[in-house]
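One structure is given below, encoded as structure tokens.
Values below: every heavy atom of this structure, side chains too, minus hydrogens, waters and symmetry copies. Numbering of ligands and ligand atoms starts at 1, following listing order.
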Amino acid sequence: MDNMIKKTKKRLMWIFAILTMLFLLLFVVIAYIAVSNSILSDQKEKAIEMISNKSVSHLIHEANEPYERTKGSLLAVVTPTGEIVHRHGESIDNIIKGWTPDSLESREIDEDNREYLFVAKPIEAGGYVYSGVDITQQKEVLNRLFTVLILLTVLFTFAAMGLSFLMAGKAIGPIINSFKRQREFVNDASHELRTPLSILSAGLEILEEEEENHLSEFSRQTVNDMSAEVRRMTSLVNDLLLLARSDSGKLVLVKEKFDLSGLVSRSVRAFSKVVQDNGLSITSEIQENVHMSGDRERIQQVIYLFLDNAVKYNQKNGTIHVRLTSTEKKVYILVKDSGIGIPPEHLTKIFERFYRVDKARSRNLGSNGIGLSIARFIVEAHGGNIEVNSTVGEGTSFLIVLYK
Ligand SMILES: Nc1ncnc2c1ncn2[C@@H]1O[C@H](COP(=O)(O)OP(=O)(O)OP(=O)(O)O)[C@@H](O)[C@H]1O
Ligand SMILES: [Mg+2]
């Protein structure tokens, strides 16, 4: 559970940080485009003005004027007879070469390490006129602006990440509290229920034993049913209590070295009646003298949980096979059934709390979907893990891997 909260918090933080970064980037792009457009359109106007409303002879005259008098602007004319007139160097020849505009056109041009904004248009009588402004300086300012904006984006993204971490913590606070309260409630409620349940069960036991002969058939049946229900409820309450304890980290494992071979064979024996009553059969293959250190009762509980499932989710005349093997460091307990199997898409989910593949069927079997989550918790608390293999309609095998 704590893991889930941490994951959610992290996810919230990333979502918030990524959103902020996207907004910042969008802002940077829009700001840059707006500023560069406004600066460049000023320059373009300047270039257009230079060639507007002027006669060809006037343009040729200006194109021949000394460069200084044109305040840094460039001008070139291709006369109707094809003669090129300008007072600039070779670079402008390169710029206008092959550029024959159909109407007013503009281009940004890199030449000799300088940047120019050029406009050009055809002359009515034939030929073309080109005028350009040097925008090297403006481009430099824009580049610097771009760098500053990107640096600011990076800086603000880090700030936003810090901020989002705080915000995610704040947002998740109430959820943590409510989880805590819920946990405490489950813990307290299971505790409170244990006493009345044990009183009920003791009372029913006395009724069953001492009053058996005085009871009518109907009453005896009722007492039997009640005992079965009380047992079921006791086991559910115990499961819930165990889960509540596992959540709050209060579950203490009593570790000791014990004879696992004996435990597994006793478990198989303990189940043989239930197996028979359900029209199934059980076989086992148990390596002798396998010892492990762990909480014997909890390991027994795990084996029972898997055997219980193997019985519940089996098919008519089905079989169950239990195998215990070991290596130098590890032990392997396999519980294999010839049951209904688990569809692949459910395989990762069956270990989640209250998850049942077929709810209708499970309800009839009186199952709550917590067996496997308890089994996984206990096995992982021992440093082990559980592997599952299943084919629908053929059966399922669970392999519990534990350390000696
Ligand atoms: N051996 C199996 N064969 C087929 N399906 C299984 C098997 N073991 C578990 N399942 C599926 O996984 C689900 C979860 O199992 P789990 O033991 O956690 O809960 P449960 O058996 O439904 O209830 P509980 O064990 O709490 O009484 C089951 O409802 C069942 O759908
Ligand atoms: Mg179960």
Winner among [options] once heavy atoms are compared against [atom]:
atom: atom 24 (P) of ligand 1; options: N368, I320, I350, D358; answer: N368
atom: atom 14 (C) of ligand 1; options: F398, Y355, F354; answer: Y355
atom: atom 23 (O) of ligand 1; options: G341, G371, G369; answer: G369

Examine [X] against ligand 1 and note whether any of their N/O atoms are separated by less than 3.5 Å.
X: N309; value: yes
X: L305; value: no
X: D308; value: no

Next on the checklist: Pairing donors with acceptors under 3.5 angstrom, does anything connect the side chains of Q287 and S261?
Outcome noted: no
Checklist entry - Looking just at side-chain N and O atoms, do S397 and D337 make a donor-acceptor pair shorter than 3.5 Å? => result no
Ligand 1 versus [X]: contacting region, heavy-atom distance under 4.0 Å:
X: I370; result: both
X: D239; result: neither
X: F351; result: neither
X: H346; result: neither
X: T396; result: side chain

Checklist entry - Between R296 and E256, does at least one N-O distance fall below 4.0 Å, as a salt bridge requires? => result yes
Next on the checklist: Between K46 and D42 (salt bridge meaning N to carboxylate O under 4.0 Å), is one present in this structure?
Outcome noted: no
Item to check | Main-chain N/O of G395 paired with T391 side-chain donor or acceptor, under 3.5 Å | outcome: no
Checklist entry - Short question: side chain of T153, backbone of L149 - any donor-acceptor pair under 3.5 Å? => result yes
Item to check | Enumerated ligand 1 atoms positioned under 4.0 Å from heavy atoms of R356 | outcome: 22 (O), 29 (O)
Checklist entry - Would a line drawn from the ring center of F16 to the ring center of F165 be shorter than 6.0 Å? => result no
Checklist outcome for this item: Output for pair (N289 CG, L260 CG), nearest 0.5 Å, gives 11.5 Å
